[in-house]
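These notes are about the structure you will find just below.
Positions are given from 1 along the sequence. Model, not experiment: these values are computed from the prediction.
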Amino acid sequence: MDSLTRFISDPANHDTLALVKGFRNGIVYGAKIRFPHALVMTFLFREGPLRTKFRFILDATRQHSWNLGRFVLIYKTLLLVLRKAQGNKESKIDAFIAGTVGGYLIFGENNNINQQIVLYLFSRIMIGLAKLAVKESVIPDPPQDPFPMFAAVVWGIVMWLFRHNRDTLQSSLQASMQYLYNDSDMWKSLKTLLWHNK
């Protein structure tokens, strides 16, 4: 046990252990995020036997956590390699290069899980880039909070797409919107009006 403690505490092993812990944290975080999401969405919107539902939940959780763990490992490995190649100095472009390579290798496959993750990030980076443009004085600081207009435009576009070009939206968004806006137009009794959807 003492030798393991010495190994973990030795600064010479820090970089290697940071890769191990990054991989571990990616897997744990992916499972913490995906499992409850998959559980709720599956029981709200998927039909079929219980066994099939649980298989879907576990598969989605495994894919999300495995992808995130591998991405963290690739990203941190590339940062380490780039830093070592530059005499133990990190360049501002290193994070972009490592993220681009990891993103292509891990999240480049077009499937529902990867779409959700990438679209989640896309919305966050658009806001981040807008804030950066203000911070760097590329654009002026808006005189009033632009979020209300942003929210209005986003909701206007998504409702128009759902109403007139539904097939262009991701399947999980279509299912949510079907439940909220179309299923609420149909009922056969007091039970299906207030208690059960169908």
Side-chain angles (χ1 to χ4, degrees), residues 1 3-46 48-132 154 168-176:
M1 196 62 150
S3 60
L4 182 58
T5 303
R6 278 194 306 275
F7 179 80
I8 291 171
S9 303
D10 187 345
N13 299 323
H14 181 269
D15 290 341
T16 303
L17 294 174
L19 298 177
V20 171
K21 184 154 188 189
F23 178 70
R24 175 255 181 220
N25 282 6
I27 288 176
V28 170
Y29 186 81
K32 284 182 175 182
I33 294 299
R34 180 55 58 178
F35 182 79
H37 178 268
L39 182 71
V40 170
M41 296 304 283
T42 298
F43 280 98
L44 281 179
F45 299 115
R46 283 194 174 261
L50 202 56
R51 183 181 180 96
T52 304
K53 289 180 180 181
F54 278 118
R55 178 85 261 151
F56 176 80
I57 293 165
L58 292 176
D59 286 346
T61 301
R62 181 187 48 77
Q63 182 184 355
H64 190 143
S65 62
W66 180 242
N67 282 2
L68 200 53
R70 290 184 307 150
F71 176 83
V72 172
L73 181 62
I74 288 171
Y75 172 78
K76 288 177 73 75
T77 300
L78 289 175
L79 278 183
L80 179 62
V81 168
L82 290 167
R83 190 180 78 222
K84 297 281 186 192
Q86 299 168 121
N88 240 5
K89 293 180 184 169
E90 185 175 325
S91 165
K92 278 195 171 185
I93 193 82
D94 291 356
F96 177 78
I97 292 169
T100 301
V101 172
Y104 181 81
L105 293 174
I106 303 302
F107 295 105
E109 181 184 339
N110 191 357
N111 59 52
N112 286 340
I113 302 290
N114 288 350
Q115 276 186 14
Q116 287 174 349
I117 294 168
V118 171
L119 291 173
Y120 172 86
L121 291 175
F122 181 75
S123 63
R124 273 34 180 204
I125 66 167
M126 294 311 291
I127 290 172
L129 288 172
K131 288 179 178 179
L132 180 62
V154 167
T168 62
L169 298 174
Q170 190 182 31
S171 60
S172 64
L173 180 58
Q174 287 182 44
S176 299

*Qualifying salt bridge (Lys or Arg N to Asp or Glu O under 4.0 Å) pairs, either residue in residues 91-118, two or more places apart*: none

*So does F45 have more than 12 non-hydrogen atoms from other groups sitting under 6.0 Å from CZ?*
yes

*Compare all side-chain heavy atoms of R83 with those of L80 and state whether any distance is below 4.5 angstrom.*
yes

*Check whether any side-chain heavy atom of N110 sits under 4.5 Å from a side-chain heavy atom of Q115, and report yes or no.*
yes

_G99 to Y75 - nearest heavy-atom pair and separation_ = N-CD1, 3.6 Å

*Just one of L39, T52, V40 clears the side-chain contact (heavy atoms from CB on, under 4.5 Å) bar with I57, so which one?*
L39

*Give, for atom CZ of R24 and atom CG of L17, the distance between the pair rounded to the nearest 0.5 Å.*
13.5 Å

_Selection residues 56-68 - residue pairs positive for side-chain hydrogen bond (donor to acceptor under 3.5 Å, both in side chains), sequence neighbours left out_ = R34-H64, R55-D59, Q63-N111, N67-R70, N67-N114

*In chain order, what residues pass the ring-ring contact (aromatic ring centres under 6.0 Å, His included) check against F43, with sequence neighbours excluded?*
F54

*Heavy atoms only: give me the nearest A60-I113 pair and the separation to one decimal.*
CB-CD1, 3.8 Å

_For the student: nearest non-hydrogen atoms of S176 and M41, plus distance_ = OG-CE, 3.6 Å

*asked:* To the nearest 0.5 Å, what is the distance between CZ on R124 and CG on L129?
replied: 14.0 Å

*Distance, nearest 0.5 Å, that separates CG of N25 from CG of L73*: 12.0 Å

_Shortest non-hydrogen separation from Y29 to L68 and the atoms involved_ = CD2-CD2, 3.6 Å

*Go through the steps to decide whether F23 and I74 satisfy the test side-chain contact (heavy atoms from CB on, under 4.5 Å), and finish with yes or no.*
CA-CA 9 Å; F23 178 70; I74 288 171; over 6 Å; no

_Reported CG-to-CD1 distance for the pair D10 and I8, which is rounded to 0.5 angstrom_ = 11.0 Å

*Please report the closest heavy-atom contact between S172 and Q116, naming both atoms and the distance.*
OG-NE2, 3.2 Å

*List the steps, then state whether side-chain contact (heavy atoms from CB on, under 4.5 Å) holds for I97 with L78.*
CA-CA 8 Å; I97 292 169; L78 289 175; 5.9 Å; no

*Which atom pair, heavy atoms only, marks the closest approach of Q86 to S91?*
OE1-CB, 3.5 Å

